[in-house]
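Here the structure is laid out as structure tokens; the discussion comes afterwards.
When reading the values below, keep in mind they use all heavy atoms of this one structure, side chains included, and skip hydrogens, waters and symmetry mates.
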Amino acid sequence: LSDALRKTRLLRAAVGLDGPVDPTAADWSEWVDLAKTERVLPQLYEVAQTSVTDLTAHQRAEAVAIQLDVASTMVRLEHALLEVAEVFDKGGIPYAVLKGTATAHLDHPDPSLRQFGDIDLLIDPADLGGARALLKSAGWSQAYRLPRYHEEFTHAVTFFASGLAELDLHQHIAHRALGLLVPTQELLADREPFDLAGRTLWALSRPDRLIHGAIHAVASRGPYQRLSSTADVLLLSRLVAPDAGALLARAERWRVRTIVERALRGAHDAAALPIPDAWKRPMAGVVHHRDRLVERAYLSTGRRPLTEELAYLRLLPSWRHRRRYLSGYLVIDQDPSGSGGVNLRDRVRYLWSRVSRGSA
Amino acid sequence: VPERSVGDQVVLARPVGGAALVLGPTAALVWMALADWLAIDELETTLATQYPNIPAGDRHGALHEIIQMLDDEDLLERRAP
């Protein structure tokens, strides 16, 4: 049995469907390993609870234990999220909860069905300094230092708290060119509220959650390319179907429609499901407003980090911004350890990682 | 507090620190009933309906143990009758 078939089963579980295969006593451990890696353990729990297979009582009990473990992590992260939301509310920083935490509460019939590994918040880039100061005062610390000049260009800054919670503070919903194409202010203007433990939090609107999920599913590579993102696209595409035309028009205005359509097709292919009729007609239309360099960077076979860099540089608002961005690669900072030495090796390693593999 | 249901169990984030607390089926039942602001006697009735074969004394003892545990974890909110 291939992992592709197992992924199909787990994806279908995310939208309440059966088939084409179920776990058996003989291959249960492969299912567990796959679901862990792909962050879809709740879907495996659902499959284990509902499938009529030869799973042993011990294996079904393991599924429950795993789901309890996932739930424990989710409530711990949400506890941290509530603290951050309170700090930002008091500090007057508008935010939108992104990805798993938002879809868990707004799109799944039960929040237990969405696993996530960290907290992702979108803020206006103009609020980054204020947000960082508030987080530091609340006990969060920045996980790693960015190259000089790169802070205004990075799509997210990572913070850690003592409770082992990780928070990604996003200025844009995607990195590089994709982040610039989708205007953060417009996303924040259309955000919607949701309730978490009696407190009102904010998330992207449902159409924007699908656009974000689609971009994330297409642009992510390596360990960041998880089935949980594909499941978000599959689930949200069904929920947004009545407004499919409007969503594609919004995506086209931002020149990311081809990215969104690629994610929709990919999710349905992976789940071995047809594209819903509500999407077929609007997806058949010609795309007029597009960015071919961005498409080449993100839709071509294989990773093209240099093309991604070129696409990004072209979209930066001025030559001054381009010069500052490139300077971030070339300027040598002092060793952050305080030894006074030059951190040349780390800088070369960082530069190589950007042009050879790219980032998440 | 943030919570999740897993079958007939409930997982909560403790109010201080956020560490998880897993409630077994009976405690989960009490927890969900408390969300509707049921009084102690109403909780007794709920447990009697759910566990009719358990002696009343045992149910009463279990209920008070659960209430005490939730109180110790700072998970109870009180309001005037």
Side-chain angles (χ1 to χ4, degrees), chain A residues 41-46 48-50 60-86 97 100-102 104-105 108-116 118-119 138-140 161-167 194-199 201, chain B residues 1-40 42-43 46-47 49-51 53-54 59 62-81:
Chain A
L41 286 165
Q43 280 62 51
L44 180 60
Y45 167 74
E46 286 289 300
Q49 297 303 305
T50 56
R60 291 184 193 274
E62 185 187 4
V64 174
I66 289 171
Q67 181 65 356
L68 284 170
D69 193 44
V70 169
S72 299
T73 303
M74 301 304 99
V75 298
R76 182 173 53 77
L77 287 170
E78 287 183 349
H79 176 85
L81 171 61
L82 286 168
E83 289 182 344
V84 172
E86 184 175 3
V97 180
T101 322
H105 290 276
H108 286 275
D110 176 350
S112 303
L113 296 174
R114 181 58 162 90
Q115 180 185 4
F116 45 91
D118 56 13
I119 304 165
W140 293 78
S162 56
L164 300 178
E166 181 181 317
L167 164 66
F194 69 100
D195 179 87
L196 175 58
R199 185 180 185 89
L201 274 67
Chain B
V1 294
E3 64 178 77
R4 292 285 189 279
S5 294
V6 179
D8 54 5
Q9 302 180 77
V10 168
V11 182
L12 306 171
R14 287 181 167 89
V16 178
L21 175 67
V22 180
L23 303 182
T26 308
L29 184 69
V30 171
W31 172 256
M32 288 185 279
L34 284 169
D36 294 329
W37 293 99
L38 294 194
I40 289 287
E42 294 169 308
L43 290 172
T46 301
L47 285 187
T49 305
Q50 188 69 23
Y51 303 108
N53 298 324
I54 304 292
R59 283 200 307 263
L63 175 60
H64 282 268
E65 268 184 40
I66 291 166
I67 296 287
Q68 186 62 53
M69 179 271 292
L70 293 173
D71 201 22
D72 290 346
E73 295 286 355
D74 203 19
L75 285 162
L76 291 186
E77 188 180 347
R78 290 180 171 79
R79 72 177 184 186

Within the structure provided, determine whether Thr101(A) and Leu77(A) are in side-chain contact (heavy-atom separation under 4.5 Å). no
Expected contact set for residues 66-76 of chain B against chain A at heavy-atom separation under 4.5 Å reads none
Which heavy-atom pair separates Trp37(B) from Glu77(B) by the least distance, and what is that distance? CZ3-O, 3.5 Å
Nearest heavy atoms of Ala197(A) and Pro2(B), plus distance in Å: CB-N, 3.6 Å
Name all residues meeting the ring-ring contact (aromatic ring centres under 6.0 Å, His included) criterion together with His105(A); count only those two or more places apart in sequence or in a different chain, and write none if there are none. Phe194(A)
Less than 4.5 Å to any heavy atom of chain B: does that hold for the side chain of Leu81(A), its backbone, both, or neither? neither
Does Glu42(B), at its CD atom, have more than 12 non-hydrogen atoms belonging to other residues, nucleotides or ligands within less than 6.0 Å? yes
At a heavy-atom separation under 4.5 Å, does Val22(B) approach chain A through its side chain, its backbone, both, or neither? side chain
Residue part contacting chain A, namely of Leu21(B), when any heavy atom lies under 4.5 Å: neither
side-chain hydrogen bond (donor to acceptor under 3.5 Å, both in side chains) contacts touching residues 21-32 of chain B (sequence neighbours left out): Glu3(B)-Trp31(B), Thr26(B)-Tyr51(B)
For Asp110(A), give me all partners under salt bridge (Lys or Arg N to Asp or Glu O under 4.0 Å), at least two apart in sequence or on another chain. none
